[in-house]
J.: 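Dumping the structure here so I can ask a few things about it.
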Protein chains: 2
Amino acid sequence: MKNSRLEQIKEYIEKHGKATYDELQELLPDVSNMTIRRDLSMLEEENVVIRVRNGAYSVAEIGKKTEEQFVQRFSYNVSEKKEIAEKTTKLIDFGGCIFIDSGSTTLYFARMLPDDKYCVISNSLNVATELLRKHSPEVVLLGGDVSRNNLVTIGSSTLRFLDEINIETAIMSTTGFSLEGGFSCGAQQESAIKSAVIAKAKKVIMLLDSSKVNKNMPYIFTDLDHIDYLVVDKNFPKKIKEELESRNIKVI
Amino acid sequence: MKNSRLEQIKEYIEKHGKATYDELQELLPDVSNMTIRRDLSMLEEENVVIRVRNGAYSVAEIGKKTEEQFVQRFSYNVSEKKEIAEKTTKLIDFGGCIFIDSGSTTLYFARMLPDDKYCVISNSLNVATELLRKHSPEVVLLGGDVSRNNLVTIGSSTLRFLDEINIETAIMSTTGFSLEGGFSCGAQQESAIKSAVIAKAKKVIMLLDSSKVNKNMPYIFTDLDHIDYLVVDKNFPKKIKEELESRNIKVI
DNA sequence: TACATTATGTTAAAAATGAACAAACCGATA
DNA sequence: TATCGGTTTGTTCATTTTTAACATAATGTA
């Protein structure tokens with residue numbers, strides 16, 4: 001019965017991410033406070049929880065925090081990016097084959113992508129692992145040399161791989177954008193892949209948070225003519241928006 | 001000066017994984033206990049640390065624990081596997097191109113692989129991300145459909161990709177092994193890739209912990225004739241070892 | 001300079017914790 | 001069944017930790 005109690009506690013904490021002594025007391029009204037304390041001590045020894053004042057956290061929960069922290073450290077404009085990601089999910093047709101580019105905004109998009117029948121292609125390890133946590137989408141990962149910067153596969157073999165597949169919709173990101181300079185990024189090999197993807201895709205959706213506007217990076221990978229939809233946040237400059245719409249690009 | 005203090009504390013905790021109030025007091029002799037407490041509260045708000053009795057942990061540190069727990073949950077025979085991985089590192093030549101199979105033993109191997117000039121190829125996302133944490137090896141990831149089970153790429157495109165590359169040494173794992181049944185695994189597509197890798201590799205090193213011995217899985221991917229080295233743990237049955245050595249396989 | 005805001009120190013009261021001991025429980029054995 | 005050893009649980013209490021509240025100092029700002 002000790003074991004079943006430990007299991008119960010463990011289950012509760014895993015489920016809720018944490019628990020206070022009061023909560024656990026309610027869960028197990030017939031045991032004393034001290035017993036619960038001792039139980040948590042044991043679970044702490046097993047690295048299942050970590051005890052804090054008034055209760056304990058599940059280590060898994062804290063694992064999530066780590067991740068969150070990690071993502072946020074390298075990412076600014078988080079709420080804008082999430083907003084863009086959210087809007088983008090509404091543009092996706094069912095059943096299609098989607099390419100998802102690497103980048104923080106696209107990663108948020110991957111996270112929000114409903115659990116439906118898609119086939120997703122990506123060259124980003126982060127996007128792939130994110131999607132694999134869900135149940136449904138089939139994930140195809142492009143092969144190639146893995147770049148340490150941003151955990152994407154690049155190189156000639158990646159391009160060749162790309163040759164063999166169809167892309168319905170491409171969800172792209174960019175490092176820089178301006179009306180004159182088009183869409184640009186910082187590495188040649190990345191740029192090559194982005195270009196190739198855009199060339200193959202029937203529908204191209206570009207995610208563009210306002211921090212990217214009027215920045216130019218060395219390698220241009222596409223211009224406005226190849227973009228079907230541009231999803232932006234609420235801080236996006238109106239002037240540019242109007243200019244874009246006059247060129248028949250749907251700005252969302 | 002508040003910020004620099006926060007930085008100092010953060011740094012200390014990130015480095016040591018945790019800190020007690022006493023330690024921090026020693027680090028910062030000119031501030032009061034209360035200030036340190038407040039600082040830790042702030043860092044807790046930022047998800048950098050989590051406070052416990054007497055001090056705080058770095059969330060990153062706990063992240064590691066989670067991982068450890070995660071690995072151990074799905075993995076038995078941990079010490080044997082680490083032993084095997086350790087031995088295997090000594091068999092590796094400098095400068096070669098190594099294929100690393102998926103599997104928990106091979107993952108430990110990847111973790112222990114010295115930070116030298118190699119080029120590593122793998123179809124396992126776990127192996128790849130593990131290696132990318134280090135500085136040096138170039139990592140090539142095979143493309144293809146990603147299998148949710150074990151996070152490896154599989155399928156015909158993976159095989160085609162494999163055609164294009166050279167493999168000097170292959171570090172392989174197996175799910176089952178017996179003298180009669182050879183090396184076997186549970187999925188056809190996995191088996192196809194393992195076979196292809198072994199066919200290409202100049203030197204094949206098989207990691208085999210004793211829990212696999214005399215287990216047979218449906219798909220045989222190779223037999224003893226293709227294996228150059230077999231790295232086993234100390235519980236490996238002596239009889240089988242002798243039999244193998246009589247067949248000219250180096251058992252380590 | 002004067003004021004507002006923030007940061008820090010001090011203290012005391014509240015609380016959480018762990019240690020020690022006692023009671024209950026359990027299984028095995030005679 | 002009685003009894004013994006071990007384990008688990010409960011209770012109490014002293015200790016330590018924590019927090020809240022207030023006072024003081026520092027800092028920024030008009």
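Note that the structure is a prediction, hence the values are computed from the model and not measured. Here is the naming used below: chain letters follow the sequence lines, and residue numbers restart at 1 for every chain.
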J.: Which residue pairs satisfy the ring-ring contact (aromatic ring centres under 6.0 Å, His included) criterion with at least one member in residues 7-52 of chain B, sequence neighbours excluded?
T.: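 Residue pairs passing ring-ring contact (aromatic ring centres under 6.0 Å, His included), neighbours aside: Tyr12(B)-His16(B).
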J.: For Ile36(A) and dT9(D), give me the distance from atom CD1 to atom P, rounded to whole Å.
T.: 11 Å
J.: Could you check whether Asp39(B) gets within reach of a base, just the sugar-phosphate, or nothing at all, counting any heavy atom under 4.0 Å?
T.: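 Answer is nothing: Asp39(B) stays at 4.0 Å or more from every strand.
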J.: Is the distance from OP1 or OP2 of dA7(C) to the nearest side-chain N or O of Arg5(B) less than 4.0 Å?
T.: no
J.: Find the distance Ile9(A):CD1 to dT8(D):C1' and express it as a whole number of Å.
T.: 14 Å
J.: Within the sub-3.5 Å range, which N or O atoms of nucleotides 19-23 of chain D have a protein N or O partner, and how far apart are they?
T.:
unit_1	atom_1	unit_2	atom_2	d
dT19(D)	OP2	Arg51(B)	NH1	3.1

J.: Rounded to the Å, how far apart are Gln25(A) CD and dA16(C) C1'?
T.: 14 Å
J.: Is the NZ or CZ atom of Lys194(A) positioned over Phe221(A)'s six-membered ring, under 6.0 angstrom from the centre and within 45° of the axis?
T.: yes
J.: With a 4.0 Å cut-off on heavy atoms, is Asp30(A) in touch with a base, just the backbone sugar-phosphate, or nothing at all?
T.: sugar-phosphate
J.: OP1 or OP2 of dT9(D) versus the side-chain N and O atoms of Ser32(A): is any pair under 4.0 Å?
T.: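 Result: no.
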J.: Can you name the ring pair (Phe, Tyr, Trp, His ring centres under 6.0 Å) partners of Phe109(B), sequence neighbours left out?
T.: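 Here no residue qualifies.
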J.: Within 45° of the six-membered ring axis of Tyr229(A) and under 6.0 Å from that ring's centre, is NZ or CZ of Lys250(A) located there?
T.: yes
J.: Return the value, rounded to whole Å, for the distance between atom CG of Asn54(A) and atom C1' of dA14(C).
T.: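 Whole-Å distance recorded here is 12 Å.
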J.: Just checking, any donor-acceptor pair under 3.5 angstrom between side chains of Asp233(B) and Ser210(B)?
T.: yes
J.: So does Thr20(B) get a backbone contact from the side chain of Asn54(B), meaning a donor-acceptor N/O pair under 3.5 Å?
T.: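 No, because the side chain of Asn54(B) does not come within donor-acceptor range (under 3.5 Å) of the backbone of Thr20(B).
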J.: Whole angstrom is fine here: how far is it from CG in Leu24(B) over to C1' in dT8(C)?
T.: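 From Leu24(B) CG to dT8(C) C1': 17 Å.
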